[in-house]
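Beneath this line is the structure, given in structure tokens, with notes to follow.
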Amino acid sequence: MKLLVTGGAGFIGSAVVRTAIARGIEVINLDKLTYAACLDNLASVADSPLYHFEQADICDAGALCDIFARHAPTHVMHLAAESHVDRSIDGPDAFMQTNIIGTFQLLQAARTAGVARFHHVSTDEVFGTLGATGQFTETTPYDPRSPYAASKAASDHLVRAWGETYDLPVVLSNCSNNYGPYHFPEKLIPVVILNALAGKPIPVYGDGMNVRDWLYVEDHADALLRVLSDGATGRSYNIGGENERTNIDLVRHICALLDAKRPKDTPYAKQITFVTDRPGHDARYAIDPTRMRTELNWRPSVTIEEGLGKTVDWYLENAAWWQALQKRDGVGVRLGKR
Ligand code: NAD
């Protein structure tokens with residue numbers, strides 16, 4: 001296998017690249033290097049003979065054609081996307097360009113090159129929102145509610161259409177919220193850890209009762225490589241950790257971990273501040289991962305308690321990584337702005 005990963009300098013993509021290379025897979029990382037990218041995430045593999053990097057925009061058909069011709073990848077895993085819901089509300093243009101047009105251009109390039117597999121990485125947000133009960137399955141109707149979710153839903157439809165119409169050997173996965181090392185400082189869990197450590201307010205949207213289903217990023221990378229190799233062509237797989245938590249419970253748990261690992265006079269939870277809710281904020285997401293378990297024999301390796309412990313330790317031990325990113329304009333201030 002020669003694997004072309006798009007978005008490999010991002011949070012999940014870099015976990016995929018590190019894991020794939022550790023397993024002996026040759027990887028071409030194609031990334032535009034937007035604000036969300038960080039090549040430091042790949043420092044451990046940058047010198048590997050299995051690793052190649054191409055800076056390119058997936059919307060650029062000419063660049064894609066050139067990269068496919070030079071590297072001749074057999075497999076594609078497509079993660080490049082604009083990924084932050086709040087940014088999609090403030091400025092949806094880049095989301096439509098990259099997530100829809102970029103996916104279209106990548107499908108065309110993969111079809112022309114004749115790859116053996118095209119794995120599209122998507123989100124459970126395409127399914128909309130749940131009430132107090134139930135879970136998203138692979139047959140749940142699409143009902144995206146934010147510009148980000150709508151753009152990802154559109155890209156999922158394009159991928160299925162290219163599979164049906166052009167026999168491109170596609171496979172799709174839709175995953176719940178990820179967390180773990182190298183998570184960009186604008187996302188909820190890093191914001192909580194870093195604002196707590198800085199003595200700043202820890203913003204929580206609305207009443208904090210929104211429920212998310214959390215998955216440790218390294219478990220997601222493992223699941224993605226399983227879908228890539230063993231998933232049935234044309235099929236989609238819901239990936240989740242069966243770890244539903246309300247946002248406020250999650251934030252309190254992280255505060256308690258910090259109280260134990262980096263004690264100070266006042267408990268960190270005192271910094272929690274409720275802020276005006278995100279417009280159209282989905283109430284609850286929950287993934288039914290039965291297909292991953294029964295068809296692909298995949299299970300997450302860590303519980304959410306273990307994963308959050310590892311994540312807090314990683315942020316405490318890797319201050320140089322997040323301090324460098326915080327110096328970039330506008331990072332770490334999105335949550336709580338509206
Ligand atoms: P991220 O924002 O951390 O990384 C995205 C990467 O894509 C960045 O390195 C960026 O430079 C690159 N990129 C953006 N636009 C590009 C373009 N036009 N051309 C080439 N590269 C471009 O995202 P993430 O959180 O790692 O998410 C990766 C994928 O997984 C996305 O498709 C996202 O929709 C999906 N997903 C994410 C989550 C999550 O919790 N983070 C959950 C489910 C699915």
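Numbering of ligands and ligand atoms starts at 1, following listing order.
The nearest protein atom to atom 28 (C) of ligand 1, hydrogens excluded, is given as Leu79 O, 3.5 Å; this is a heavy-atom distance.
We find that Glu54 and Arg70 are joined by a salt bridge, their nearest charged nitrogen and carboxylate oxygen being less than 4.0 Å apart. Note on Lys310 versus Glu218: no salt bridge recorded, every NZ/NE/NH1/NH2 to OD/OE distance being 4.0 Å or above. Arg87 and Glu186 are joined by a salt bridge, as a carboxylate oxygen and a charged side-chain nitrogen come within less than 4.0 angstrom of each other. Between Glu305 and Arg245, at least one side-chain N (NZ, or NE/NH1/NH2) sits under 4.0 Å from a carboxylate O, which counts as a salt bridge.
Using a non-hydrogen distance threshold of 4.0 Å, Asp31 registers as a contact of ligand 1. Taking a 4.0 Å cut-off on heavy atoms, Gly8 fails to register as neighbouring ligand 1. Judged by the shortest distance from any of its heavy atoms, Ala15 lies outside the 4.0 Å radius around the atoms of ligand 1. Heavy atoms of Ser122 approach ligand 1 to within less than 4.0 angstrom.
Taking a cut-off of under 4.0 Å to the non-hydrogen atoms of Lys32, the atoms of ligand 1 that pass are 16 (C), 17 (C), 18 (N), 19 (N), 20 (C), 21 (N), 22 (C). Each of the atoms 33 (C), 34 (O) of ligand 1 lies under 4.0 Å from some heavy atom of Tyr148. Atoms of ligand 1 found under 4.0 Å from any heavy atom of Ala36, numbered from 1 in the order shown, are 2 (O).
At least one N/O-N/O distance between Lys152 and ligand 1 falls below 3.5 Å. For ligand 1, the polar-atom distance check against Cys59 finds no nitrogen or oxygen pair separated by under 3.5 Å. When only interatomic distances are considered, the shortest N/O to N/O separation between Phe11 and ligand 1 falls below 3.5 Å. Checked by distance only, ligand 1 and Ile58 come closer than 3.5 Å through their nitrogen or oxygen atoms. The shortest N or O to N or O distance between Thr98 and ligand 1 is below 3.5 Å.
Checking each of Trp162, Phe104, Tyr142 against His157 for a ring pair (Phe, Tyr, Trp, His ring centres under 6.0 Å) leaves exactly one that passes, namely Tyr142.
For atom 40 (O) of ligand 1, the nearest non-hydrogen atom from the set Asn178, Ile101, Leu224, Thr123 comes from Asn178. Across the listed options Asn29, Asn41, Ile189, Thr34, Thr34 owns the non-hydrogen atom lying nearest to atom 10 (C) of ligand 1.
Side-chain N or O atoms of Arg328 include one that pairs as donor or acceptor with a backbone N or O of Tyr35 at under 3.5 Å.
Between Tyr315 and Trp321, the angle of the ring planes goes over 60°, which puts this pair in the perpendicular group of the 30/60° scheme. A tilted orientation is assigned to the rings of Phe136 and Tyr285, their planes being inclined by 30° to 60°.
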Check step by step if side chain to side chain contact (heavy atoms under 4.5 Å, CB included) holds for His52 and Asn29. CA-CA 6 Å; His52 314 277; Asn29 172 18; over 6 Å; no

